[in-house]
Amino acid sequence: MNMDWVEFGLSAAKAFAVVMFAMNVAVLLTWADRRQGAMIQDRVGPNRAVAWIPTKVAQALAVLPALGVAAALPAYVKLRGAELTGSAEVGAALAVSQLAIFWVWMTALVIAGRVARRGVRNSFDAFLAGLGDPRRIFYFGIGAHAVSLALGAYYRGTETGDALTSVGLYGGAAVFAFAVLFGAGYAAYSIRNEPRIGLRLVGLLHPAADGLKTLFKEDFIPPRADRLLHSLAPLIAFFPALVVLAVVPFGDTLCFGVDESGSIQLTELMPVVPATGVCTEGAVPLGVLDLNVGVLYFFALAGTGIVGAALAGWASDNKFSLLGGLRAASQMVSYEVTMGLTLIGAFMIYGTLQVDDMIRWQAENAWGIFVQPFAFVMFFAAAVAESKRIPFDLPEGESEIVAGYFTEYSGMKFAMFFFSEYIAVVTSSALIAAVFLGGWHLPFVNRAGIEIAIGETVFFSQQLPHLLVVLLGVVGFVGKTILLCWLQLTIRWTLPRFRYDQLMKLGWRKLLPASLVNILATGLLVLLVQNADPRVEKALGTAGDLTMALVAIAGLFAFVRLVLFLLEPTTKRRLLATSTAQFAAAMGGTPTSRMQA
Amino acid sequence: MSDSTLPLGPRKIVGKPVPRPKRGPGVQTYLPEIAKGLAITMRHFFRNTKEMALGQRNDPSLEAIEDGVNTVSYPEQRRPYPYRFRGVHRLTHREDGSPRCVACLCCSTACPSQCIYIEAGEYPEGDPRRGYERFPKRFVIDELRCVFCGFCVEACPCDAIRMDTGMHAAPYDSRDQFIYERDLLMGFPGRDGTYTTQNPRHEPGDPTHPGIDRDHPH
Amino acid sequence: MPTFKLDDREIPFEPGDTIIRAAHRVGIDIPHYCWHPGLSVAANCRMCLVEVEPPPGRPALMLDVLAWDAERGEYVPQKKPKLQPACQLTAADGMVVKSQTSEHVKRARSAVQELLLLNHPVDCPICDQAGECRLQDYWLEHQAHKKRMRDEPVHKPKAVVFGPTIVYDAERCIVCTRCVRVSAELAKDPVLSVRERGNLNEIVVAPGRQLDHKYSLMTEYVCPVGALTAVDFRFKARVWFLRSARTICVGCATGCNSFTDFDPRSQKVFRYRPRENLAVNKYWMCDDGMLDYRRIHENRVLEGRVGGEPTSRDAAITKAAELLTGADPDSVAVLLSAEHSQEDNAALLWLGREVLGASAVYATGRPEGEGDDVLRHVDKNPNQVGLFELVAPGAPGSFTDFVKAVQSGRVRTVVALGSQIPEPDAEAVLASIPVLIALSTHVGPLSTRAKVVLPASSWAEADGTFVNAKGLSQESEQAIRPQGESRPAWRLVADLARALGQAPTWKRTDDVRSTFNGSNASAAMAPSAGVSG
């Protein structure tokens with residue numbers, strides 16, 4: 001392969017991005033697993049880690065970025081506003097004005113919430129409290145959005161419309177800058193009397209502190225253990241989990257301009273690209289490796305992880321470790337088979353092993369979850385089993401074999417096993433997102449922009465800049481991955497552990513035959529569709545578009561539902577039956593703590 | 001089938017038919033049940049997260065019966081202890097500051113965890129209580145073994161040991177530090193801040209005291 | 001045998017028995033304070049009152065009393081039978097006695113109990129009798145209601161020192177006069193008496209005297225309440241923590257039966273109590289014997305010694321075996337000890353005769369002391385007679401013979417049991433023995449002069465058999481575990497024999513016992529009747 005320095009740098013950057021993505025999400029997951037897992041049990045999880053920062057620094061941290069943002073947007077509008085014309089100007093005005101309205105009511109709402117909790121302290125607080133229920137601010141904000149949109153639509157193309165566009169653009173920028181500065185200033189002002197400010201980040205510092213702690217913990221190796229293999233095992237378990245992400249693209253291909261020699265000009269990004277196809281020159285795929293064996297690479301490396309667990313069990317010189325290692329090995333080998341076979345149906349439909357091509361197929365037709373629903377469920381189950389987590393955590397079943405294959409591990413080596421589990425969660429989620437949930441593809445977003453269309457009928461169409469489209473894709477991919485990770489965590493919080501025979505039965509007697517049947521059925525279907533007449537193909541295309549609409553509507557519905565849920569009032573009953581409660585009531589309730597949600 | 005119709009000879013064992021739990025395809029495929037479980041989990045999660053984020057979480061003392069997060073964030077938040085809370089022991093004082101305890105060993109006898117060790121001593125020559133009473137030369141409580149049942153307080157005939165300090169057992173980093181000696185136990189005040197108790201005690205010299213002998217009644 | 005009826009139960013008695021004694025013999029407890037089976041009858045506590053039905057054809061002796069009628073709110077005349085003290089009433093054939101079944105008796109006991117506690121300070125927490133106090137037991141069992149007197153109780157002397165061993169608390173005293181009678185009847189030294197009357201009476205020592213006779217601790221022992229307390233035991237322990245072993249006092253050749261009270265947690269012995277054995281000591285022990293328990297913990301040899309230097313037991317045994325190997329059997333002698341049990345002596349005798357091939361057997365023990373005609377024997381060794389039984393036919397050579405044999409150079413290697421010698425002047429001779437191996441419990445002439453000392457357990461740490469001066473063989477139970485590195489002497493002998501290459505056939509106490517018990521079958525646990533009186 002003829003690779004020049006630019007491509008090499010890009011590859012390194014992509015690899016770095018992927019690794020950082022996996023590691024950081026894994027850290028987030030360790031946090032979520034404890035912190036949010038506690039929340040489902042009606043208790044607050046570990047969130048005690050705190051970094052104390054001086055009040056002045058905290059005030060600066062609040063105000064300086066706000067100053068930057070407040071200066072940047074008006075400056076951008078001022079500089080580029082004149083260049084914009086026509087619909088671009090209208091779009092920019094719309095965006096800026098909506099942003100300004102959103103920021104205003106959001107700032108007011110946050111401050112009102114705080115005032116409601118800790119009482120009125122100054123005249124602005126009094127003004128907010130005078131508005132009554134903070135929900136009114138939200139309703140007012142929604143109203144403002146609606147009115148501004150309606151005005152914009154009504155006066156579109158008229159003189160007044162042009163005036164409104166200018167007002168939206170410049171006034172919006174000014175209002176936004178003011179709102180940002182006011183919010184930051186209010187925050188800085190309200191903490192002025194605090195001796196110091198605790199940075200808690202909703203408990204996110206806790207996994208960081210835990211990680212730091214494990215570094216300094218005793219590194220214990222059993223006296224009769226195999227020292228080399230004992231130390232090697234965590235690495236073998238850790239790295240395969242990390243590197244499998246290389247074949248999963250995290251975004252659509254970027255198209256750059258090229259110079260005469262054919263090398264990429266990073267400064268010249270295509271403004272807008274065609275809806276389909278990929279540029280032939282200057283293409284930068286957003287995946288570390290685009291292997292033609294694709295998913296097979298994933299299986300190959302995921303299979304290596306077994307070696308780590310088995311080695312750890314063997315090298316520890318401990319019967320519990322050995323049992324755990326054996327369990328891990330047999331479990332992972334069993335589910336490896338199912339994983340592979342369930343994907344074959346998908347391969348047949350997509351006609352490729354390359355993950356990027358799979359995503360493109362899904363973008364053009366329908367997401368994998370709709371064409372291979374059974375495969376999705378089975379692959380998901382097998383992937384959870386592969387990561388050795390509840391309900392499949394028999395290799396470390398503490399009620400039976402202490403801690404399984406990592407019984408004899410401590411400190412950072414233990415943390416590596418622990419962490420590799422979470423990385424396995426991230427990578428498997430990423431793969432599932434890519435193979436079944438359309439990867440970086442979002443419904444009705446193609447390479448050219450947004451196009452809402454069912455079959456031949458186009459409802460709405462809007463061109464978007466190339467960079468924005470790709471960024472949307474990356475965000476979509478990350479969002480899907482995190483959603484799937486979170487689903488895996490939820491499963492962990494919900495289900496009890498299987499018995500070992502049940503585990504084996506599920507793998508060999510249920511999932512394996514079911515996946516074989518799935519292959520057969522898929523094969524038949526593919527044959528049928530290939531030999532069907534064009535009308536059927538067209539109907540299938542429409543059906544695919546409908547699935548996209550379904551996803552979009554479901555997402556919208558979930559969002560609205562969430563907002564309504566947040567607006568729901570909470571009522572609490574007080575019961576002063578015990579002397580403890582009476583004491584506490586006499587003192588005005590239990591003192592509030594500095595805990596964060 | 002009634003007993004009278006049973007044939008002669010060894011009786012046939014008739015089992016009581018127990019209906020098998022109905023397990024339809026929904027249960028057998030796991031998936032709907034898993035979905036139900038996930039729904040419960042998520043309901044809790046979203047409700048609790050919202051209440052925490054919006055500052056609507058329960059007061060763990062006043063609203064403890066409510067659903068939702070009832071965690072007490074201990075050092076910052078403290079639940080007041082109820083009146084009859086049994087905390088760390090204290091040895092009550094007499095008016096002169098000596099322990100009320102007479103080393104009768106009733107507490108160590110009653111103690112189910114055998115965490116009280118007492119060495120009785122005799123008052124020195126010249127003390128009016130010499131030959132008449134004894135005092136605890138050593139009074140040791142292993143707070144780590146103690147199960148805080150309060151039997152010692154019940155058993156004490158002199159109101160000399162009490163658990164009304166309102167303090168819970170403190171965490172230490174070594175076992176030795178849980179061994180509370182007499183002077184430490186005497187150094188804890190009760191919840192009312194005093195080292196004595198409300199119950200009167202007849203001391204020599206006090207008009208209510210039984211007296212040492214007939215010639216020196218008080 | 002004539003019988004009388006007590007609460008529907010036929011009680012056999014011997015002519016002349018009182019009701020309480022006959023009941024006591026069959027194990028029925030008629031509550032009492034002042035009566036003691038070993039003392040004369042005083043009948044002053046009135047706790048043992050019983051109702052006796054009149055002989056057939058004779059009217060019952062009835063008393064006219066006034067009883068409170070709660071309904072009418074006034075006293076009404078009533079008749080009630082005259083109750084009799086069971087401790088003084090001699091039993092007669094066919095007599096019908098009601099104790100627990102009589103309402104009158106129950107009321108009388110409740111009233112007596114209330115009366116006795118009227119002026120009691122109820123200072124059980126600081127009273128050493130608590131846990132074995134009759135007042136506590138009978139209050140729980142018989143007193144129907146609380147004390148009704150609201151007045152300040154009478155104050156009487158407290159912590160009165162009666163003598164070197166006894167402290168008296170008049171407020172706790174119920175003036176049963178047991179202590180007075182013990183002094184007069186057992187010790188033949190009537191040093192105690194009662195003064196004043198009614199609620200002011202108290203026990204006093206005769207002017208110019210102290211309670212210092214040799215049976216002073218028996219006054220404390222018979223005291224049913226906490227009035228008399230022993231200086232030795234005061235404030236040392238609570239009785240409910242103590243466990244008892246049935247032992248034999250090793251203070252002298254009388255072989256008094258005793259209870260050894262020890263705390264199983266600390267493995268510490270706190271006191272002796274007499275154990276009833278009418279054939280030996282009846283109900284009593286002397287002060288010397290009562291305080292002899294201290295020797296269990298004092299002055300002990302608790303580790304092996306070689307040449308006076310402390311070492312481990314095993315090292316001492318190895319050294320001893322080394323010294324004994326190749327010794328000329330004619331120059332070897334074993335020195336049995338009258339301080340030790342039959343088991344220990346039998347084991348040593350076996351070692352001397354079977355392993356070392358020695359024919360010379362001598363005896364040692366503690367020197368003689370003073371005696372009296374009550375219990376105290378001149379011979380201060382518990383097992384002198386047993387040695388003669390062991391060695392028979394023939395007799396062990398006396399210690400004087402042993403000294404002569406050593407001085408003549410005939411005996412050059414000695415394996416000795418015990419720590420004391422009967423002739424303290426002969427201690428220098430011990431130093432001249434080339435090889436002296438002692439199995440000692442205490443620091444004494446033998447253990448200080450020996451080349452090798454093996455730590456032997458005391459009598460309280462092993463089961464043992466002792467033959468008293470009358471030839472009665474009695475067993476003593478193990479109370480506490482062997483202290484320090486010490487082991488029963490017969491075990492040490494077994495270890496020594498094993499080190500010499502000849503293991504004994506016996507492994508347990510019973511095995512050792514069977515080696516000498518074949519001819520002398522009188523060894524049996526003496527019957528113990530629990531706490532007497």
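Numbers restart at 1 for each chain; the letters A, B, ... are given by sequence-line order, proteins then strands. Everything numeric in this text was worked out from a predicted model, so none of it was measured.
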J.: For the OH atom of B:Y180 and the CZ atom of B:F188, what is their distance to the nearest 0.5 Å?
T.: 5.0 Å

J.: Suppose we screen for ring-ring contact (aromatic ring centres under 6.0 Å, His included). Which residues come up paired with C:F235, at least two apart in sequence or across chains?
T.: none

J.: Do any of residues 144-152 of chain B come closer than 4.5 Å to chain C, heavy atom to heavy atom, and if so which ones, in number order?
T.: none

J.: Could you label the plane-to-plane angle of the B:Y195 and B:H93 rings as parallel, tilted or perpendicular, counting under 30° as parallel and over 60° as perpendicular?
T.: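 B:Y195 and B:H93: tilted rings.
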
J.: Could you pull out all residues at least two apart from C:R295 that satisfy side chain to side chain donor-acceptor pair (under 3.5 Å)?
T.: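 Residues passing side chain to side chain donor-acceptor pair (under 3.5 Å) with C:R295: C:D292.
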
J.: Enumerate the residue pairs fulfilling side-chain hydrogen bond (donor to acceptor under 3.5 Å, both in side chains) with a member in residues 118-127 of chain C, sequence neighbours excluded, ordered by first and then second residue.
T.: C:D123-C:R172

J.: Walk me through whether C:V225 and C:L116 qualify under side chain to side chain contact (heavy atoms under 4.5 Å, CB included).
T.: CA-CA 11 Å; C:V225 298; C:L116 291 176; over 6 Å; no

